[in-house]
There are 2 protein chains.
Amino acid sequence: MRSNGAVSARDVAEAAGVSRTAVSRTFTPGASVAPATRAKVMAAAELLGYQVNNLARGLTRAESGLVALIVAELETPYRALLVSALTSKLQAAGKVAMIINTDRSDASVDAALRQAIGYRTDAAIVLSGMPDRALAELCQRNGLRLVLINRDEELPGAVRIRLDDEQAGATAARTLLRVGCKRPALVMSASATVSLAARARGFLDALSGEGIDPMVAIDGPTHYKTGLALGTDILSRADRPDGVFCVTDLIAFGVIDAARQRFGLRVPEDLSVIGFDDVPQASWEAYNLTTFRQPIPGIVDACVDWLSRPLDETSAKTVYLSADITWRTSVLSLSQRATSTTA
Amino acid sequence: MRSNGAVSARDVAEAAGVSRTAVSRTFTPGASVAPATRAKVMAAAELLGYQVNNLARGLTRAESGLVALIVAELETPYRALLVSALTSKLQAAGKVAMIINTDRSDASVDAALRQAIGYRTDAAIVLSGMPDRALAELCQRNGLRLVLINRDEELPGAVRIRLDDEQAGATAARTLLRVGCKRPALVMSASATVSLAARARGFLDALSGEGIDPMVAIDGPTHYKTGLALGTDILSRADRPDGVFCVTDLIAFGVIDAARQRFGLRVPEDLSVIGFDDVPQASWEAYNLTTFRQPIPGIVDACVDWLSRPLDETSAKTVYLSADITWRTSVLSLSQRATSTTA
DNA sequence: CCGAGGATTGCACAGCTGTGCATCAGGCTG
DNA sequence: CAGCCTGATGCACAGCTGTGCAATCCTCGG
């Protein structure tokens, strides 16, 4: 027992009357130990409360078992959902996740990656911000795998997981038109994430293909309050929209509340709303939001599968996943439309 | 450069033409290095992309810089908020948080703690579940500090952070009575957490002090759906309550939605609702929930302060914090009451 | 009963860093 | 110019584990 107080393999060896090597072999799967020796070691370990030191183990082995999750605004529903799923799945795969917060600036992402390298993390999963190209090469040189979720740029030795955001945007546009919306609108935050931009582009392109030039509101961070403010803005104009695609559920909730609480409008009779993420709140009865479901199990599986695969294929690879629509009642159905027009 | 591919201090030493010790001293604050040597080392380190190996550093030093967060259902708004704040503050204090999920069973909490010991974590912060007494002693023997947030049992060498849940419950009861509620009710999940039980007890005791025996609904997990189901239940009874205290915001949202969507009731005119946690959704206009604010900054500060303090005081200690009420519009105000009764 | 072969075990080293101790250089003072 | 003191540097070891290699033990077959 050292100054730290932690019990080491040597302590167990002494207590069990065997060599330290025997202790190490007992806790190494597939190593050759006699049943009797193993039993003695296990008994002594249990008595002393021995736990293999993963730090020292990571020093010798190529893998430390640590995976860094680099994320901003973890308290956001979608992020929390993804991080929860990721940590669980990593844990089931025998790894352990460490959280490194960023403020989304590139500098802080770089600092986060340096910290990950400092802990000899097996991999870093980037959920927010974008690492510098030089940093990505540094990671590669240090044997740290890089996973980029919904990031655009192609980086050496990194795998990207992307959604078909653009197609989802187009689907949102076609859906609003199909249920009879004459004045569709787009509500969007000003944070220029690639996936948000792609959703907007898909929406706008599909509409301009139909010769429609929709109202567009862009401002603020990707929060509820942004939706509330922008919703209040667009609904107070003369040519008030009758259908909105919000690039995020949080924004959609804000828009819905603006419509109901501040203008006395009905959703979906007066205003159809489509969101994106399928956050838990989307199924709450106050909202019942029709939205695109983030394929979280798919994202998580792609991450963990790729991490447990050998490192041979250093070629940058991209995994594409699709976000399907979840139908609820925030969009006018065709039958509803029939009754509401006759009424 | 080893098989791992990571660059070590020896590589930097060779490149800079100095001893490895000089490299180590360059990255150790307060060590004695000549400015010229330091400059050479820094240049070589920058060139090669060297990052001090925290695993090896943690092997020598008493502290690893790692802190384990043991938590269940991280995707829940309150948990996500707390974990986000904790990781940020820990990071600012030079530590890094690792997440260990549990399914709330005692066995999984024990496994989580063993894993934390395996990584020679400086501390473990338990947000969910309750560690076994033997495990707590094991932690203490291994030099691992234990922080229990809203857990009840007193454990050797552990610090507890508690809220005055009972008093909050009493305040909720008095508040409902003061605004004129005649038939207060309690809605509660069946998961027997200490803090939830204390809130309920405070509420019930205060009411029975006034000679009132309120309606009580208990069932299910601490989710929105539980509130929806229990709300539907109590509101369909003959002596429908006119005021509800929900032990959690999520449950309160369910109750509000049940009242509005399924019974056409108005909140607060027909039903006053009080929650607990002050989750972000509580301030959304669809709910505007009057609720007790979790003192998250206080909790986080207490954790981190205690972790950065020396280990002398091994006495079990308890930090008490208070949850103040946040007034919104889900409770009838006295002026509203005047107008609504005259109307 | 003896030899061979396989299973076990222990030694010693690698992996990376921090640090006590001794050494050495250099500057300042007398 | 000599001596002393301070600051810088390097050696060697500690900290904990995994593993190659050699030695040893046991068992089984002849």
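The analysis underlying the following values was restricted to heavy atoms, covering all of them including side chains, and did not include hydrogens, waters or symmetry mates. Each chain gets a letter, A, B and so on, in the order its sequence line appears, and its residues count up from 1.
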Trainee: Please confirm whether the shortest side-chain N or O distance from A/Thr60 to OP1 or OP2 of C/dA14 is below 4.0 Å.
Mentor: no
Trainee: Would you please say whether a donor-acceptor pair under 3.5 Å links the side chains of A/Arg79 and B/Ser84?
Mentor: no
Trainee: Between B/Gln51 (CD) and C/dT17 (P), how many Å, whole number?
Mentor: 11 Å
Trainee: Which heavy atom of B/Glu153 sits nearest to which heavy atom of B/Leu148, and what is that distance?
Mentor: O-CD1, 3.9 Å
Trainee: Can you figure out which of D/dA12, C/dT9, D/dT9 approaches the side chain of B/Thr37 most closely?
Mentor: D/dT9
Trainee: Under a 3.5 Å threshold, yes or no: a donor from one side chain and an acceptor from the other, between B/Ser191 and B/Thr222?
Mentor: yes
Trainee: Rounded to the nearest angstrom, tell me the gap between atom CD in B/Glu14 and atom C1' in C/dC16.
Mentor: 14 Å
Trainee: Does B/Tyr119 make a side-chain N or O approach to OP1 or OP2 of D/dC16 shorter than 4.0 Å?
Mentor: no
Trainee: How many Å lie between CZ on B/Arg20 and P on D/dC11, as a whole number?
Mentor: 10 Å
Trainee: Can you tell me the distance, in whole Å, between the CZ atom of A/Arg61 and the C1' atom of D/dT17?
Mentor: 10 Å
Trainee: Tell me the interatomic distance from A/Ile117, atom CD1, to C/dC16, atom P, rounded to whole angstroms.
Mentor: 15 Å
Trainee: With A/Met130, which of A/Val109, A/Asp152, A/Leu155 fulfils side chain to side chain contact (heavy atoms under 4.5 Å, CB included)?
Mentor: A/Leu155
Trainee: In terms of the nearest nucleotide of DNA chain C, which residue is placed more toward the 5' end: B/Ser24 or B/Leu59?
Mentor: B/Leu59
Trainee: Regarding A/Val33, tell me which of base, sugar-phosphate or nothing describes its non-hydrogen contacts under 4.0 Å with the strands shown.
Mentor: sugar-phosphate
Trainee: Nearest whole Å is fine: how far is C/dT8 C1' from A/Lys40 NZ?
Mentor: 12 Å
Trainee: Out of the candidates B/Leu86, B/Leu74, B/Ile70, only one should pair with B/Leu127 under the side chain to side chain contact (heavy atoms under 4.5 Å, CB included) rule; please name it.
Mentor: B/Leu86
Trainee: Tell me whether the OP1 or OP2 atom of C/dT8 has a side-chain N or O from A/Ser32 closer than 4.0 Å.
Mentor: yes
Trainee: Indicate whether OP1 or OP2 belonging to D/dT17 is found under 4.0 Å from a side-chain N or O atom of A/Tyr50.
Mentor: yes
Trainee: If you assign each of B/Arg25 and B/Asn53 to its closest nucleotide in DNA chain C, which residue comes earlier from the 5' end?
Mentor: B/Asn53
Trainee: D/dG10, OP1 or OP2 - any side-chain N/O from B/Thr21 closer than 4.0 Å?
Mentor: no
Trainee: Answer with yes or no whether A/Arg120 presents, from its side chain, a donor or acceptor under 3.5 Å of a partner atom in the base of C/dG15.
Mentor: no
Trainee: Send over the distance from A/Leu55 CG to D/dG18 P, rounded to a whole Å.
Mentor: 12 Å
